[in-house]
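Below is one structure, written out as structure tokens, with a few remarks after it.
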Amino acid sequence: MLKFVRIAFGLLLISALVWYVWKHPQELERLGQLSFPLLFGVFCLVSAGYFCFIVSTWWLIRLDAPAIGLGEYFLLSASGLALNALAPPGSGYAVKTIYLKQRHGLKHREFLSVNIVIALLALSASGLLASLALGFLQLDHRQVAPLVLVLAIVAFVSPLIMLALMDWVLLVPFVRKREIDATHYHALLRNRTWVVITALMQLFRSGFSFLGFGLLFQAVSSEPVVVGGTLDALSTLLRLVHLIPGNLGLYEWVVAGLADALGASLSAGLLAAVMFRIISLAAVLLPALGGQFFFQDHRMGGNDKGESESGARVSIVDPLSSQARAVCDLFAVPHGPLVAPQES
């Protein structure tokens, strides 16, 4: 039932977006201000941000799966990010969980702990940038809605509080159902050097994304780069947690609403968000396509020949199959192969 509500809500948001563009066709003229060098520069910045995010996750995963190489995880993560953008919520997480469990013995609860640490550090880094940017805008005598400033400060502080008080957070019934391994979580945090490096990588990721969206928003609105960067930093949560498939429509309208709250153009916020989604998808799909070729030679299974214990070959990514859709609910199914074994 919840799945259909999410889909219906997503369709409603997309319909509203199409209706808005249809009613304001003149706003599309803003796209003529986007040059190829600008788009390529944003693409490079987005790609750099994704690379920092992936490297920081790989850095922590190696504590429990030292055999996994950066290239292998990069392609796996790119495939997961592509699935998150195109398939039901949690698709990419399910794919990565199953692959890491069957090929590297990384348990679901261990991988979940890594993802929680990464997500909280990413949110805090973005909140820090948003808070600094809003402070700069206020010094520049730009009117900033108090609610937006409070949102930025909360985005910076609350993830750090959750990191420090995770034992209490785990007592919340909704969180407890996720079966988070508190012991493994604390073991990660005890590796101070690893955590600091991960936090720095997340700060770099946030910075690249901040600059990329800021340049894009400046081109369609003539606003300072820092305004667009603030919009990106405040909307980070919607790129980490998908409430509907790809948060399609939801992300665009939230960015537009934040743009309006900062005194910028709502239309510019919508257009910049749509273009940033397209560029981000391209930055993910290119390595993801390479990942598919890689995984054709690295099947999930129990031996070096890429075969399962039954002797049948197993394919890792088939997002259109019914079994794949069944495991795409967020944090739902850490067990079993993603798709049925295919006879060799």
Side-chain angles (χ1 to χ4, degrees), residues 50-85 87-122 178-185 187-188 191 194-195 198 201 240-242 284 287-288 290-309 313-319 321 323-341:
Y50 275 136
F51 183 75
C52 290
F53 187 85
I54 290 171
V55 169
S56 61
T57 307
W58 168 76
W59 189 257
L60 289 183
I61 286 177
R62 289 184 65 246
L63 289 171
D64 299 290
I68 188 169
L70 176 57
E72 179 184 2
Y73 185 73
F74 179 82
L75 294 175
L76 172 64
S77 186
S79 299
L81 288 170
L83 280 175
N84 283 337
S91 307
Y93 178 85
V95 167
K96 290 187 289 185
T97 298
I98 294 169
Y99 178 85
L100 292 171
K101 171 69 183 301
Q102 296 193 7
R103 186 155 187 87
H104 293 281
L106 185 68
K107 298 177 181 178
H108 161 65
R109 298 175 69 182
E110 295 171 346
F111 186 49
L112 181 57
S113 299
V114 170
N115 276 271
I116 289 174
V117 172
I118 291 292
L120 292 177
L121 290 176
R178 303 307 181 195
E179 299 181 348
I180 300 172
D181 189 339
T183 302
H184 185 262
Y185 172 84
L188 288 175
N191 289 273
W194 294 68
V195 172
T198 301
M201 293 297 290
L240 294 175
V241 180
H242 289 183
V284 169
Q292 303 316 302
F293 290 109
F294 175 84
F295 288 127
Q296 287 178 2
D297 296 324
H298 294 75
R299 309 284 188 172
M300 291 188 302
N303 56 47
D304 294 336
K305 295 181 180 180
E307 297 179 352
S308 63
E309 293 181 359
R313 289 192 175 276
V314 181
S315 175
I316 181 172
V317 178
D318 181 10
S321 71
Q323 291 192 31
R325 286 195 295 269
V327 301
C328 286
D329 291 331
L330 191 59
F331 304 146
V333 277
H335 308 295
L338 179 61
V339 296

Given L120, which partner from the list V117, I118, I116 fulfils the side-chain contact (heavy atoms from CB on, under 4.5 Å) test? I116

To the nearest 0.5 Å, atom CD1 of I61 lies from atom OG of S56 at 9.5 Å

Closest non-hydrogen atom pair, K96 against L76: CG-CG, 3.8 Å

Listed by chain and number, what are the side-chain hydrogen bond (donor to acceptor under 3.5 Å, both in side chains) partners of T198, not counting sequence neighbours? none

Testing the basics here: between H104 and A65, what is the closest heavy-atom pair and its distance to 0.1 Å? CB-CB, 4.0 Å

Suppose we screen for ring pair (Phe, Tyr, Trp, His ring centres under 6.0 Å). Which residues come up paired with W58, at least two apart in sequence or across chains? none

Partner residues of F74 under the side chain to side chain contact (heavy atoms under 4.5 Å, CB included) criterion, sequence neighbours left out: F51, I54, P287

Compare all side-chain heavy atoms of K101 with those of F111 and state whether any distance is below 4.5 angstrom. no

How far apart are the closest heavy atoms of L121 and V195, and which atoms are they? CD1-O, 4.2 Å

The reported gap from NE2 in H108 to CG in L100 (rounded to nearest 0.5 angstrom) is 12.0 Å

Is there a donor-acceptor pair under 3.5 Å between the side chain of S77 and the backbone N or O of Y73? no

Testing the basics here: between L240 and A122, what is the closest heavy-atom pair and its distance to 0.1 Å? CD1-CB, 4.0 Å

Mind checking the OH-CG spacing from Y99 to L75? Nearest 0.5 Å is all I need. 9.0 Å

